[in-house]
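See below for the structure under consideration.
When a residue number appears, it is its place in the shown sequence, counting from 1.
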Amino acid sequence: MALELISKNRCFAGEQRRYEAASSELSSTTTVSIFVPDFAASNPVPVLFYLSGLTCTDENAVTKAGAQRIASELGIALVFPDTSPRGDTVASDPDGAYDLGLGAGFYLNATQEPWSEHYRMDAFITTELPELLIGIAGLDLQRVSICGHSMGGHGAMTLALKNPGKYRSVSAFSPICAPASCPWGHKAFSAYLGDNVAQWTQHDASELIRAGAQQVPLLIDQGSTDPFLAEQLKPELLRSACADVGFPLTYREHDGFDHSYFFIASFIEDHLRFHAKYLTKIGDL
């Protein structure tokens, strides 16, 4: 089991690469994009995982977020995994819906058929992918943080909260803050986890924080004109949970911004500098 390089491109002061690997957790082949700054050739660099949202692959943020310039300046490697397993044998929504199945793994380990064989994105991100990254020269896998967008923001927060000490910091753009309380989450959790709502709360950042999850520095940026804000994202539930238990949250809402990569590109530098404070001790928000 190893990462196989399938493409690479010079990008700012670094190299943007795309790899393929046979994943035992996903029981399928997966792709991972990795940006490695030049600094890694002489000193191991910390790693920031970026988890994308519904309908995305490993390539969306690579081409649209504009993170490489600042990452090369700060000396941070970026890892962009896919959002779900892929392949002809992988289960997908029979109606072709965008919010279940392919492109919609929700960063959990499914327990229900037909999803449980392949949909193990939690184990892939937290365990198998770091093992694969050992083969990439110049990465310091003892210094790792995580961020994401929308469904990926949900994933970043829940994986950080469920794995204390694994990630030094976490950030999110427009995250699904309380999936146990929104339509996207109800649909995905019912399919992947079944009807036991108590299991759903183990994959809900607001519920995990309220239940006493270990604190980790958390930054959230949200657009005020995001069409999913009220029905699907529900940041007010996360903010309430953080306030109730004293969890360290920096929450910023930006007038006029929506859910798109234009929003992400506008504030990605802030997120990289936020993580740099915990990963490299340089940079400031």
Side-chain angles (χ1 to χ4, degrees), residues 48-51 53-54 106-108 122 126 144-186 188-189 193 196-259 263-264 266-279 283-285:
L48 177 64
F49 285 81
Y50 182 99
L51 307 184
L54 291 167
F106 271 82
Y107 302 102
L108 51 74
D122 180 331
T126 60
V144 180
S145 290
I146 192 166
C147 67
H149 170 229
S150 192
M151 178 187 71
H154 142 76
M157 292 191 295
T158 56
L159 296 183
L161 293 168
K162 292 192 301 176
N163 294 276
K166 191 175 190 69
Y167 305 102
R168 294 193 176 189
S169 52
V170 57
S171 72
F173 297 92
S174 313
I176 305 173
C177 292
S181 302
C182 77
W184 277 341
H186 285 186
F189 289 177
L193 302 173
N196 185 347
V197 177
Q199 291 186 2
W200 297 10
T201 62
Q202 300 305 304
H203 304 277
D204 183 306
S206 297
E207 296 290 345
L208 289 168
I209 287 171
R210 194 173 295 281
Q214 183 172 311
Q215 294 186 352
V216 58
L218 171 59
L219 167 66
I220 292 177
D221 276 319
Q222 174 64 57
S224 67
T225 61
D226 190 320
F228 305 113
L229 179 57
E231 183 180 23
Q232 302 283 13
L233 306 182
K234 299 186 179 295
E236 70 279 3
L237 298 182
L238 183 79
R239 296 177 71 185
S240 175
C242 289
D244 287 347
V245 302
F247 195 94
L249 167 66
T250 300
Y251 177 85
R252 311 188 307 181
E253 189 162 304
H254 304 275
D255 288 343
F257 284 91
D258 56 21
H259 199 74
F263 170 52
I264 296 170
S266 298
F267 298 101
I268 191 67
E269 179 172 350
D270 288 355
H271 283 240
L272 288 167
R273 294 191 182 280
F274 167 79
H275 291 294
K277 292 190 296 184
Y278 304 99
L279 291 171
D284 197 5
L285 182 62

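Contact of the Pro235 side chain with the Ile220 side chain is not registered, since no non-hydrogen atoms from C-beta on lie closer than 4.5 Å. Counting heavy atoms from C-beta on, the side chains of His149 and His259 come closer than 4.5 Å. For the pair Pro183 and Gln232, the minimum side-chain heavy-atom distance is below 4.5 Å. With a 4.5 Å cut-off on side-chain heavy atoms, Leu54 and Phe106 count as touching.
Using the six-membered ring where Trp is involved, Tyr167 and Phe49 have ring planes that are perpendicular, over 60° apart on the 30 and 60° scheme. The aromatic rings of Trp184 and Phe228 are tilted relative to each other, their planes meeting at an angle between 30° and 60°.
Separation of atoms CG (Asp204) and CD (Gln199) is listed at 14.0 Å; rounding is to 0.5 Å. The CD1 atom of Ile146 sits 8.5 Å away from the OH atom of Tyr107 when rounded to the nearest 0.5 Å. Here the CZ atom belonging to Phe267 is positioned 6.0 Å from the CG atom belonging to Asp221, to the nearest 0.5 angstrom. Expressed to the nearest 0.5 Å, how far CZ of Arg168 lies from OG of Ser145 amounts to 7.5 Å. Interatomic distance, NE2 of His254 versus OG1 of Thr225, reported as 11.5 Å (0.5 Å rounding). One finds the OG atom of Ser174 at 11.0 Å from the CZ atom of Phe257 (value rounded to the nearest 0.5 Å).
Residue Gln214 comes nearest to Gly165 through the heavy atom pair NE2-N, 4.2 Å, listed as atom of the first residue, atom of the second, then distance. Of all heavy-atom pairs spanning Thr126 and Asp122, the tightest one is OG1-O, 2.8 Å. Annotation for Phe189 and Leu108: closest pair CE2-CD2, 3.6 Å, computed over non-hydrogen atoms. The heavy-atom pair separating Ile209 from Cys242 by the smallest distance is CD1-SG, 3.7 Å. The two residues Ala172 and Gly153 come nearest to each other via the heavy atoms CB-CA, 3.8 Å. Nearest heavy-atom pair, Ser169 versus His275, reported as atom, atom and distance to 0.1 Å: OG-ND1, 2.6 Å.
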Practice item. Any chance you could lay out the side chain to side chain contact (heavy atoms under 4.5 Å, CB included) test for Phe247 and Arg210, step after step, and finish with the verdict? Key: CA-CA 9 Å; Phe247 195 94; Arg210 194 173 295 281; over 6 Å; no
Point to revise | Gln202 and Leu208: CA distance, side-chain angles, deciding distance, side chain to side chain contact (heavy atoms under 4.5 Å, CB included) verdict | key: CA-CA 6 Å; Gln202 300 305 304; Leu208 289 168; 4.2 Å; yes
Review point. When you look at Arg252 and Leu219, which way does the side chain to side chain contact (heavy atoms under 4.5 Å, CB included) test go after all the steps?
Key: CA-CA 8 Å; Arg252 311 188 307 181; Leu219 167 66; 4.2 Å; yes
Point to revise | Residue pair Leu237, Cys177: steps toward the side chain to side chain contact (heavy atoms under 4.5 Å, CB included) verdict | key: CA-CA 7 Å; Leu237 298 182; Cys177 292; 5.8 Å; no
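For Glu207 (side chain) and Trp200 (main-chain N/O), no donor-acceptor pair under 3.5 Å exists by modelled atom type. Listed for the Ser224 side chain is a donor-acceptor partner under 3.5 Å among the backbone atoms of Gly256.
Aromatic pair His203/His154: centroids not less than 6.0 angstrom apart.
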